[in-house]
K.L.:
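Just dropping this structure here.
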Amino acid sequence: MAAVFLVTLFGFDVPVILRSSDETESILPTPEKQMVQVANPFALEMGSRAASVTDGASLRPCCLEPCIMSCFWGCEVTALQGALWTHQHGPRLSTPQHFQEALHLRYHHCESFQISSEDSEERHTQIPPDQGITDFGPVPRERYPLVAVLTLAEAGARDTYNIVASVTVIHIPDDKYSLSARILFQYLLTSQGNMYELKPLFMSADSGEASGPPDSDQSTTPSEPTEEARREEQSPVLEDEQDESWSEGSGRDCVVCQNAAVNRVLLPCRHACVCDNCVSHFQHCPICRAFVVESFALTQGPAAEQ
């Protein structure tokens, strides 16, 4: 770029840059993206009753339009992944029939409920006792305990709303895995074939402290590591990842509070990124969003021993 500095203008040294004639400058403003307001007609949360595989679970939907809630018990993980892929690359999944066809009957039991507009009454769903299903096996599992799908009941409403379905993956405790009932993932499916995950917020904008969802508990952070956690702690991979930066007093800062030193390893993803105080306030790893089964301390300091 050719440039000439002009000086001694009105008695002052004022630098001026002159561009060469072959250099063009765009005077067109950068177009702004238009914000589009999209209404989500679906809402679903856990009910007040205790949940288990043998006793069932209660769910509380609250929808803006009449909906159908389909509960798929023991849905295969790969079947749900295939159904979501179908929605993004093939026919849209906007009715209960579409979901049943996309899952290819790879679930134990399906139950449907008619939900009226703005109805917040709890619905109880359960696997029939005659099926004899009391658990879904040891972790890692090949089936989700419960997948609840909300779809619009009226065809006219499906043309009005951009969001056509809500998919909620729910953990239900059993004899093999006693983690309390909670929502693991929630997805919204659009009429254009897009899929969005609803993620909970773990940070408070007012206080800056971590705050978990209402159903979070201490079950993912046992005070004493289990036998599986001890084996993970002694594994060669973890030893390779643990260097001098993890020594007491020189560890990295917690990614949640940015205040205390990192002192917790999350399982099964194996990310070490949070402190003892923050680990109990969330259900998913802040790094990879994997569901946290349990955690163990890197060092046995005063906070870790609580």
Side-chain angles (χ1 to χ4, degrees), residues 38-49 51 53 55-129 131 133 143-172 181-198 215:
V38 178
N40 176 21
F42 306 110
L44 181 68
E45 58 186 25
M46 298 296 299
S48 58
R49 300 175 55 180
V53 172
D55 297 332
S58 60
L59 305 177
R60 184 186 300 111
C62 185
C63 304
L64 300 179
E65 301 286 344
C67 296
I68 300 176
M69 182 174 68
S70 303
C71 299
F72 299 94
W73 284 90
C75 179
E76 291 187 11
V77 175
T78 54
L80 180 60
Q81 293 174 348
L84 297 177
W85 185 93
T86 298
H87 176 81
Q88 297 176 81
H89 301 89
R92 306 293 181 250
L93 305 182
S94 57
T95 67
Q97 293 75 19
H98 292 160
F99 274 93
Q100 290 181 343
E101 294 172 359
L103 292 176
H104 302 289
L105 300 179
R106 291 160 61 184
Y107 50 84
H108 290 319
H109 175 67
C110 177
E111 190 174 7
S112 298
F113 301 88
Q114 295 286 338
I115 311 297
S116 59
S117 177
E118 299 183 353
D119 179 9
S120 59
E121 182 182 353
E122 293 185 6
R123 265 63 172 190
H124 184 76
T125 177
Q126 183 179 358
I127 302 179
Q131 291 195 14
I133 298 175
R143 295 178 180 268
Y144 289 126
L146 178 60
V147 176
V149 177
L150 286 170
T151 53
L152 295 169
E154 300 175 355
R158 290 193 288 269
D159 297 332
T160 303
Y161 288 91
N162 180 53
I163 299 174
V164 296
S166 169
V167 180
T168 304
V169 180
I170 304 172
H171 171 73
I172 304 297
R182 62 189 63 194
I183 293 177
L184 302 181
F185 309 103
Q186 281 187 308
Y187 303 101
L188 295 179
L189 308 184
T190 69
S191 57
Q192 290 80 25
N194 298 322
M195 181 181 70
Y196 300 99
E197 180 183 357
L198 295 179
D215 62 340

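Note that these values count all heavy atoms, side chains included, but never hydrogens, waters or copies made by symmetry.
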K.L.:
Is there a side chain to side chain contact (heavy atoms under 4.5 Å, CB included) between S58 and M46 once you walk through the steps?
P.N.:
CA-CA 6 Å; S58 60; M46 298 296 299; over 6 Å; no
K.L.:
With heavy-atom distances below 4.5 Å as the criterion, would you say the side chains of E197 and Q186 are in contact?
P.N.:
no
K.L.:
State whether the side chain of R92 and the backbone N or O of H87 hold a donor-acceptor pair below 3.5 Å, judged by distance alone.
P.N.:
yes
K.L.:
Measure the shortest side-chain to side-chain distance between L80 and Y107 over non-hydrogen atoms and say whether it is less than 4.5 angstrom.
P.N.:
no
K.L.:
Can you name the closest pair of heavy atoms from I68 and S112 and give their distance?
P.N.:
CG2-CB, 4.4 Å
K.L.:
Answer yes or no: is there a donor N or O on one side and an acceptor on the other, between the side chain of R123 and the main chain of E121, under 3.5 Å?
P.N.:
yes
K.L.:
Is the backbone N or O of H98 less than 3.5 Å from a side-chain atom of T95, with the two atoms forming a donor-acceptor pair by type?
P.N.:
yes
K.L.:
For the CD atom of E111 and the CD1 atom of I127, what is their distance to the nearest 0.5 Å?
P.N.:
10.5 Å
K.L.:
Using the rule given for side chain to side chain contact (heavy atoms under 4.5 Å, CB included), can you reason through V164 versus T151, listing the C-alpha separation, both sets of side-chain angles and the distance that settles it, and then say yes or no?
P.N.:
CA-CA 6 Å; V164 296; T151 53; over 6 Å; no
K.L.:
Would you say that P96 contacts S70 through its side chain, given a criterion of any heavy-atom pair below 4.5 Å between the two side chains?
P.N.:
yes
K.L.:
Rounded to the nearest 0.5 Å, what separation is found between the CG atom of L64 and the OG1 atom of T160?
P.N.:
12.0 Å
K.L.:
With a 4.5 Å limit on heavy-atom distance, are the side chains of C71 and F113 in contact?
P.N.:
yes
K.L.:
Take R106 and T78, measure what side chain to side chain donor-acceptor pair (under 3.5 Å) needs, and give me the verdict at the end.
P.N.:
CA-CA 9 Å; R106 291 160 61 184; T78 54; 2.6 Å; yes
K.L.:
Give me the atom names and distance for the closest heavy-atom approach of S120 to R60.
P.N.:
O-CG, 3.1 Å
K.L.:
Are any of the side-chain heavy atoms of V147 and T168 separated by less than 4.5 Å?
P.N.:
no
K.L.:
For L146 versus I172, what's the shortest heavy-atom pair and its separation?
P.N.:
CB-CG1, 4.1 Å
K.L.:
Less than 4.5 Å apart, side chain to side chain, heavy atoms only: is that true for L84 and L93?
P.N.:
no
K.L.:
Measuring from I133:CD1 to Q126:CD, what's the distance to the nearest 0.5 Å?
P.N.:
11.5 Å
K.L.:
SG of C110 to CZ of F72: how many Å apart, nearest 0.5 Å?
P.N.:
4.0 Å
K.L.:
Over all heavy atoms of both residues, which pair between P66 and E154 is shortest? Give the atoms and the distance, please.
P.N.:
CG-OE2, 3.7 Å
K.L.:
Could you go through Q192 and N162, starting from their C-alpha distance and side-chain angles, then the distance that decides it, and tell me whether this counts as side chain to side chain donor-acceptor pair (under 3.5 Å)?
P.N.:
CA-CA 8 Å; Q192 290 80 25; N162 180 53; 3.0 Å; yes
K.L.:
Let's go through E122 and S48 carefully: what are the C-alpha distance in whole Å and the side-chain angles of both, what is the deciding distance for side chain to side chain contact (heavy atoms under 4.5 Å, CB included) to 0.1 Å, and is it a yes or a no?
P.N.:
CA-CA 8 Å; E122 293 185 6; S48 58; 3.1 Å; yes
K.L.:
How close do L44 and I183 get, heavy atom to heavy atom, and via which atoms?
P.N.:
O-CD1, 3.9 Å
K.L.:
H124 side chain to D55 main-chain N or O, any donor-acceptor pair under 3.5 Å?
P.N.:
yes
K.L.:
Applying side chain to side chain contact (heavy atoms under 4.5 Å, CB included), run through S166 and V149 and close with a yes or a no.
P.N.:
CA-CA 6 Å; S166 169; V149 177; over 6 Å; no
K.L.:
As an exercise, state the distance from CE of M195 to OH of Y187, rounded to the nearest 0.5 Å.
P.N.:
6.0 Å
K.L.:
Looking at every non-hydrogen atom in both residues, tell me the closest pair between M69 and L150 and how far apart they are.
P.N.:
CB-CD2, 3.5 Å
K.L.:
Sub-3.5 Å donor-acceptor pair from the side chain of T190 to the main-chain atoms of N194, do we have one?
P.N.:
yes
K.L.:
Could you state the interatomic distance from SG (C75) to CZ (F99), rounded to the nearest 0.5 Å?
P.N.:
10.5 Å
K.L.:
In the structure I gave you, are the side-chain heavy atoms of W85 and Q81 within less than 4.5 Å of one another anywhere?
P.N.:
no
K.L.:
Within the structure provided, determine whether S117 and E65 are in side-chain contact (heavy-atom separation under 4.5 Å).
P.N.:
no
